[in-house]
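Below is one structure, written out as structure tokens, with a few remarks after it.
Both counts, for ligands and for their atoms, begin at 1 and track the order of listing. Heavy atoms only: backbone and side chains are in, while hydrogens, waters and symmetry mates are out.
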Amino acid sequence: MVEDKNSVVAFLGPEASYTHQATLSSFPSPNYTLLPLPTISDVFASVQSGSATHGVVPFENSSNGSVVFTLDLFADKESKYQDILVQGEAYVGVVHCLLGREEGWAPRDAGDWDLLGKEIIQQERGGGGGGGGGGVNHHDARAGGLASVIESPTSSGTSTPKANQSNLQHTASLPVHLPSNPPVSSTPSPSPSLTHITKLYSHPQAWGQCTRFLSSTSRLKSTERQDVSSTSRAAQLVAEDRTGRSAAISSKIAAGRFGLTVLKEGIEDRKDNVTRFLVLGKRSKKEEEEATAKEQDAVPEGATASEEAKEMAKNVENSVYHDYYRTPDQEQQRRPAAAASLSPPATSTYKTLLTFTISHANPGALASSLSVFSKHGLNLTSINTRPSGVENWNYIFFVEFQGRREEGGRGKVNEALRELGEACTAWRWLGSWESAQS
Ligand SMILES: O=C(O)C(=O)Cc1ccccc1
């Protein structure tokens, strides 16, 4: 990431969320102001409005799949996030814990409780950890904020995916250390009783990552579960619960942050549980103008200017676009600059994310759309769908592939996009970035 003293990085908070860990791994400098926000849509909105220069959002989990909230924001059915582009990614090894109070716990005295309550209420109001405006500055954190409350978890021999290992190295000097995975033992160690637990809180992704623990722990099988906006928010709610009868699926770091007991550690189904996060940015006006000027002069390889003009006209003629999507040629005019702003070393590998829609009445439209990627030797690495919001059983397709969109309309990704324009009704480029996996 480009380092800049004025960078404000918004992330799904409150502090001690997994997204916070991903943010620290991508923005390790003390010069960034970190801004925890309560929802993923707040992160998109802050980048779009320019109140944050970057955003970090969860995208997919190795065992539980896509984060549908994030996909729906990229689908952007109301055209609210038109300038958002993916600029990077980060992988975080996720070790879930059950956090709560031990049976018989009671707030030590009213004074202690008030202190904890005040801290949490301040965060809720944006005073440092939660809601609206409070940024987390690394200098402040060193001075006794995060560093004093978030323990560095003990390291273990559990293998961590390569991509995450490199992130861990990046964060060696940070005030908050990323966790290394503790061993996930197949024979559970003695745990505090859970018979007093009557309610569970977590992010919807977490339930699906801890199915074995939840279904094999008799007390928790039928315990009411409440979805909340993040795992650290879950921990915060449990910390606010004076009855001591609720528990959160969250991280060990969150236990330290919110003063909770780890009732059970390593409850994820798989010890290689990893979540991928995307770094969002916004294309600047200047970049857009420069790139548009270059783009207008550019002729794709093997095409004459008039051939290209004809091709563009055909794309427009053949296409039916709903509100959200721009026509391929409009898209071409508007969006090439972020690719230009990524100036990659030749050895790097890149990923690109796109959405497209097709005419569902047209047999072969989906197959033809996908075939342009193989035709141009672009390795498709994932496909997702979300309901289009236009008509039942119509979808927006998401594809991710290896490669990047290059400046000036050249290169095989640009060629594939021109052909995709003929096979689909509309497409949108959501960014090309350097892969974090080797
Ligand atoms: O809730 C969090 O802490 C997040 O950052 C989202 C998430 C939830 C569960 C696993 C990984 C990321």
message: Using a plain distance cutoff, I'd like to know if Tyr18 has any nitrogen or oxygen under 3.5 Å from a nitrogen or oxygen of ligand 1.
response: yes
field: Set of residues satisfying ring-ring contact (aromatic ring centres under 6.0 Å, His included) with respect to Tyr201, sequence neighbours excluded
entry: none
- request: Could you say whether the N/O atoms of Thr19 and ligand 1 ever approach to under 3.5 Å?
  value: yes
task: Identify, for atom 11 (C) of ligand 1, the protein heavy atom at the shortest distance, and state residue, atom and that distance.
output: Thr275 OG1, 3.4 Å
- prompt: So which heavy atom in the protein is nearest atom 10 (C) of ligand 1, and how far is it from that ligand atom?
  reply: Gln209 NE2, 3.6 Å
task: Identify the residue among His96, Arg270, His203, Glu268 that makes a side-chain hydrogen bond (donor to acceptor under 3.5 Å, both in side chains) with Gln209.
output: His96
- request: For His203, take its heavy atoms, then give the atoms of ligand 1 lying under 4.0 Å from any of them.
  value: 1 (O), 8 (C)
message: Just to confirm my output: which protein heavy-atom neighbour is closest to atom 9 (C) of ligand 1, and how far is it?
response: Gln205 CB, 3.8 Å
field: Pair Ser63, Asp269: side-chain N/O donor-acceptor within cut-off below 3.5 Å
entry: no
- prompt: Which bit of Arg233 is near ligand 1, meaning a heavy atom under 4.0 Å away: side chain, backbone, both or neither?
  reply: neither
message: What protein heavy atom lies closest to atom 3 (O) of ligand 1? Include the residue and the distance to one decimal.
response: Thr231 OG1, 2.5 Å
query: Do Ser62 and Tyr91 touch side chain to side chain, with heavy atoms closer than 4.5 Å?
result: no
- prompt: Got an N/O contact under 3.5 Å between Ser230 and ligand 1?
  reply: no
